[in-house]
Q: 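The structure that follows is given in the form of structure tokens.
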Amino acid sequence: MPWCFIILAFAFQPLAAQNSTDSLVTSEPEWGTKNYSQEDKIFNRSVWSFIDNPALAGFDRKLAVAYRFRMKNLSMGVPNDEGNLELAFMKHEVFVDLSTGGPKQNWGTAIYYSNEKELQHSIQRLVSASSFRVSINNHHLVFGMKATLQFSKLNDWEGLTYPDMIDPRSGFVYETQEIRPNNTFTVLYFGYGLKYYWKRFSFDYSVEPKPTTGFEFRDVGHRVIRNKFKSNYHFNVGDGVTISPEFVAEIISDGNNIGLFSGYVTITYKDMAYGQLGIADNNRLSFRAGYQLKDMLVIEAGLSSYLDRTMEKIAGLASVDVGIRYQIRPWYR
């Protein structure tokens, strides 16, 4: 499936080779260009997407095809059929993102597919997102909506460990009293988001049910609501260098409110390369880097490590991921 999208993107490339200065002859620079907003920075296109906030669908005014492979908790494993341990958490992600509309208008449409492994669960998600922008002078507001179809499968019930199985002195000695769930779980849920930006400042808000496998204890499932807030500002420091501090807050509500907070600082050089360092979700040190070739191909990588020594000993590196993104001007422009 991912390679079909990539082949289509290359096929459209000759049609996309249009005069890149068309928007500069208008009285107002085109939305999304370097003359109009700082929001088209390379790290914004790489780190965040419409999966985080559907208002970002089509936001950077390009046709983009991307793939990312992510591994989490590298020291944790589950036994395979041969009895050997395999990585317990991994994810494949692919998406296509497209903007439509004229130089001063924007609609965005996007589609995303992921295949994820979490312990003995396999999870597949299909997401469709769209956005629409409203502008008044230099103030811009983008609205977005997405629909997610999630299919979860329980691969090995006997391989799971539940809290009532654990004796703190003797180890895993009890039979669980948990009721075996269905082997499959399918749910459809919707998310909403908005993005406001003005010159070098931006603010994001999104809300959706918290994605679950459907096999959690007491099956709280999609009744858990996730609210996410993000804001950043871009400082130009000369010679093509931009420094962007960013703050992210995530409030998870399931009767009680749980807060997760993240802070990052990103340095971008001429929209060709970026490096990002920060604290993610209260408990991880995160580093990311990316490079863009000829405004078409973006290569990115990231890793994070637990700040808590106990979690570091149990799980090792919190996450490692690599990704590639191919982007062109849409053929209709």
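Positions are given from 1 along the sequence.
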Q: Could you tell me if the side chain of Val47 sits less than 4.5 Å from the side chain of Tyr274, heavy atoms only?
A: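 Side-chain contact under 4.5 Å: yes.
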Q: Using the rule that Ile, Leu, Val, Met, Phe, Trp and Tyr join whenever any side-chain heavy atoms are under 4.5 Å apart, tell me whether Tyr306 and Val320 fall into a single cluster.
A: no
Q: Is any side-chain N of the basic residue among Asp321 and Arg288 closer than 4.0 Å to the acidic one's carboxylate O?
A: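 Arg288 and Asp321: salt-bridged.
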Q: Is Gln327 close to Gln292 at the side-chain level, that is, under 4.5 Å between some pair of heavy atoms?
A: yes
Q: Do the side chains of Glu300 and Arg325 get close enough for a salt bridge, i.e. N-O under 4.0 angstrom?
A: no
Q: With a 4.5 Å cut-off on side-chain heavy atoms, are Phe143 and Val134 touching?
A: yes
Q: Ignoring hydrogens and angles, state whether a donor on the side chain of Glu208 or Tyr189 is under 3.5 Å from an acceptor on the partner side chain.
A: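 Looking only at side-chain atoms, Tyr189 and Glu208 do not form any donor-acceptor pair under 3.5 Å.
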Q: So which atom in Thr109 and which in Asp97 form the shortest heavy-atom distance, rounded to 0.1 Å?
A: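 So the minimum-distance heavy-atom pair works out to O-OD1, 3.4 Å.
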Q: Who are the side-chain contact (heavy atoms from CB on, under 4.5 Å) partners of Ser305, not counting sequence neighbours?
A: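 Residues passing side-chain contact (heavy atoms from CB on, under 4.5 Å) with Ser305: Glu312, Leu317.
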Q: Answer yes when Glu116 and Arg70 have at least one side-chain N-carboxylate O distance shorter than 4.0 Å, and no when they do not.
A: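 Salt bridge: no.
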Q: If you define the side chain from C-beta out and look only at heavy atoms, does anything of Arg133 sit under 4.5 Å from Ser135?
A: yes
Q: So Tyr233 and Phe201, would you call those rings parallel, tilted or perpendicular, with 30° and 60° as cut-offs?
A: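 Ring orientation, 0 to 90° scale: tilted.
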Q: Under a 4.5 Å cut-off applied to non-hydrogen side-chain atoms, are Tyr196 and Asp204 in contact?
A: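 Tyr196 does not reach Asp204 side chain to side chain.
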Q: Is the closest side-chain heavy-atom distance between Ser49 and Leu56 below 4.5 Å?
A: no
Q: Does atom CG of Asn257 have more than 12 heavy-atom neighbours from other groups under 6.0 Å away?
A: yes
Q: Return the set of residues passing salt bridge (Lys or Arg N to Asp or Glu O under 4.0 Å) with Lys228 (not counting sequence neighbours), or none when no residue passes.
A: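 Salt bridge (Lys or Arg N to Asp or Glu O under 4.0 Å) check on Lys228 returns Asp52, Glu250.
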Q: Could you check whether atom OH of Tyr269 has more than 12 heavy atoms from other residues, nucleotides or ligands sitting under 6.0 Å from it?
A: no
